[in-house]
Amino acid sequence: MVSSTFLFVLLSASTIHAALPSKAKSTCSQFKSTLANITILPNDPTYQALATENWSATAWAKPTCIVQPGNVAQTQQIVAALTKNGVPFAMRSGGHMPSPLGANINDGVLIDLVSLNRIDYDAIKNVVTIGAGLRWGQVYSELEKYKVTVVGGRVLDVGVSGLTLGSKRLFSSLLWCLLTWLWALKGGLNNFGLVTSFTLKTYPIYQVWGGVKFYNFTDLPKLLQAANKYQSTPTKDPYANFMMQAFPTNQSIGVVLNMVYLKPEASPPAFAPFYEIPTIADTTKIQTLREMMSGQGVPDIPRWDWRTTSFTPSEDLYKKIGSLVTTSPEVKTIGSLNAGSLALGLQPISTSLVDAGIARGGNALGLDRTNQTWWVLDTGHWLAKDDSVAHEATKSLMAKIDKAIDQEDSNIDYRFMSDASWDQDVLASYGADNVAKLKKVRAKYDPGLVFTYIVPGGFKLR
Ligand SMILES: Cc1cc2nc3c(=O)[nH]c(=O)nc-3n(C[C@H](O)[C@H](O)[C@H](O)COP(=O)(O)OP(=O)(O)OC[C@H]3O[C@@H](n4cnc5c(N)ncnc54)[C@H](O)[C@@H]3O)c2cc1C
Ligand SMILES: *[C@@H]1O[C@H](CO)[C@@H](O)[C@H](O)[C@H]1NC(C)=O
Ligand SMILES: *[C@@H]1O[C@H](CO)[C@@H](O)[C@H](O)[C@H]1NC(C)=O
Ligand SMILES: *[C@@H]1O[C@H](CO)[C@@H](O)[C@H](O)[C@H]1NC(C)=O
Ligand SMILES: *[C@@H]1O[C@H](CO)[C@@H](O)[C@H](O)[C@H]1NC(C)=O
Ligand SMILES: *[C@@H]1O[C@H](CO)[C@@H](O)[C@H](O)[C@H]1NC(C)=O
């Protein structure tokens, strides 16, 4: 990110008081008269679809009303009215965070940013300014016309804001885009204000090699060892990156390896450790980056809970984890739920990537300067009544993994927000110094703590 347009609301602490549902109602009525065509009440025909957007039903709610500001002035007007009246609100970009009430609200107002959707590409400065309500697919499609791209999400439906403000999963280490002067925004999520647009650096990347290789689930141990080899190559090829997923509850899906090489060069040596393992199917080819991303499948399961951890990899640790995720009783528990699915994912982060972030001004994440793996357990299922069973089973399985990590002395404190569960303290994982610094930033830009308390959802800086 080069910069972002940010709505800072400077208010005194006295404006924050307990919100009454009637306050939300009267504020919504006020919006319905002053901002009629962008205010949606529960009786309006589009309300239901908007209240249940989008990805995980765990994030659906019943806001008192939904407002869809179309420009910065309207956004400002709405946020000012809500803070003045002490009405709790939520902000939503692409609605892909599965955390309950992370980007939605009951008895309060949902600000749906979908109409902040401008894309302004500057071919001379090599930057693009994108509205906060866009989804990555819209951004990539527009930029593809100019044969450039930005660092963004892997799945086209994901929103630009949550991903940029959380901590992006980099589909490319070369493009590690970290904040320079907006240090706190990167990883600070919605704790400081509402971002209306982002200005991102563009890169002349168009044709790439990549796609998905599918493997037999029984080859998971070999694939984890291949990942370890890839991660222990002395010179990291900055054009290469991968993400591996496997499905212990649905082993017929096998192991899915998403690979990308940011040049049109087929089967580059960077991925050599994987080439020895036979594939069941293979979609890798030379194509545009957007085409490649549009081939990313997403399972059609309504409720999700994720959980993440981080560690420094080794052959031994991968062996232990590979065994835990196939043999632990928690896997059976999850698999026995209605549509119960457990996916595990790993993403390699190299020291050179961490260093590139530091070289570009740093960020709030407090990443250790070491080779590391960001690991995720994604649990999906069908019914709300199974939420707590799924959550506890995932938590218990992750506790076993964390124990193995400790035994190998391989712990990394950092927790990747995009993959975290609602009860993981992501901001604390950045380290005490970074938290103290974030609090200083907050004291400057939001002394009334509006975005900490009047915006209750998301990972908060308490
Ligand atoms: C299928 C899928 C694929 C994914 N792939 C990737 C990936 O490749 N890389 C990756 O890093 N992550 C990935 N994620 C995780 C994703 O980045 C996070 O879930 C992210 O929060 C989603 O962004 P969003 O804008 O859609 O979320 P939302 O649910 O709209 O918002 C998420 C959080 O951001 C806050 N927020 C939203 N807009 C603003 C704003 N304008 N100003 C301030 N705060 C705001 C919200 O209040 C909320 O707390 C994926 C998620 C899914 C479901
Ligand atoms: C809402 O109404 C205003 C004023 O008539 C108009 O300028 C604006 O385009 C409308 N917005 C939408 C989303 O229809
Ligand atoms: C999410 O919402 C967007 C916008 O309404 C829609 O295009 C998309 O198909 C939805 N995705 C899912 C998985 O429901
Ligand atoms: C995966 O490997 C197992 C054990 O070797 C074998 O029985 C099974 O048929 C393989 N599956 C596929 C899809 O090749
Ligand atoms: C990262 O791994 C590579 C390969 O093993 C090694 O050369 C490098 O020194 C490691 N860096 C750190 C900081 O551990
Ligand atoms: C896993 O299998 C269950 C049971 O067959 C099914 O309902 C679920 O959709 C599958 N999950 C995925 C991710 O395909």
Scan residues 45-139 for pairs that pass disulfide (SG to SG under 2.5 Å), counting only residues two or more places apart or in two chains.
-> C28-C65
Measure the shortest side-chain to side-chain distance between M97 and L189 over non-hydrogen atoms and say whether it is less than 4.5 angstrom.
-> yes
Identify, with sequence neighbours excluded, every residue that meets salt bridge (charged side-chain N to carboxylate O under 4.0 Å, His left out) alongside D423.
-> R307, K395
Answer yes or no: is there a donor N or O on one side and an acceptor on the other, between the side chain of K460 and the main chain of F451, under 3.5 Å?
-> yes
When you measure from the side chain of D44 to the backbone N and O of T46, does any donor-acceptor pair fall under 3.5 Å?
-> no
Pair W306-W55, ring-ring contact (aromatic ring centres under 6.0 Å, His included): steps then yes or no = CA-CA 13 Å; W306 297 344; W55 193 66; 5.6 Å; yes
Any pair counted as disulfide (SG to SG under 2.5 Å), so long as it reaches residues 107-144, sequence neighbours left out = none
Listed once per pair and sorted, the disulfide (SG to SG under 2.5 Å) pairs that draw on residues 69-162, sequence neighbours left out | none
In terms of side-chain geometry, is the basic nitrogen of E265 or K285 positioned less than 4.0 Å from the acidic oxygen of its partner?
-> no
Using a strict 4.0 Å threshold on nitrogen-to-oxygen distance, state whether K147 and E144 make a salt bridge.
-> no
Got a sec: does the NZ of K62 have more than 12 other heavy atoms crowding it under 6.0 Å?
-> no
Salt bridge (charged side-chain N to carboxylate O under 4.0 Å, His left out) with D122: which residues, sequence neighbours excluded?
-> none
Considering residues at least two apart in sequence or located in another chain, which fulfil the salt bridge (charged side-chain N to carboxylate O under 4.0 Å, His left out) criterion with R462?
-> none
Would you indicate whether the side-chain heavy atoms of Q231 and K229 approach each other to under 4.5 Å?
-> no
Row check, Y215 ring normal vs K213 NZ/CZ: under 6.0 Å, within 45° = no
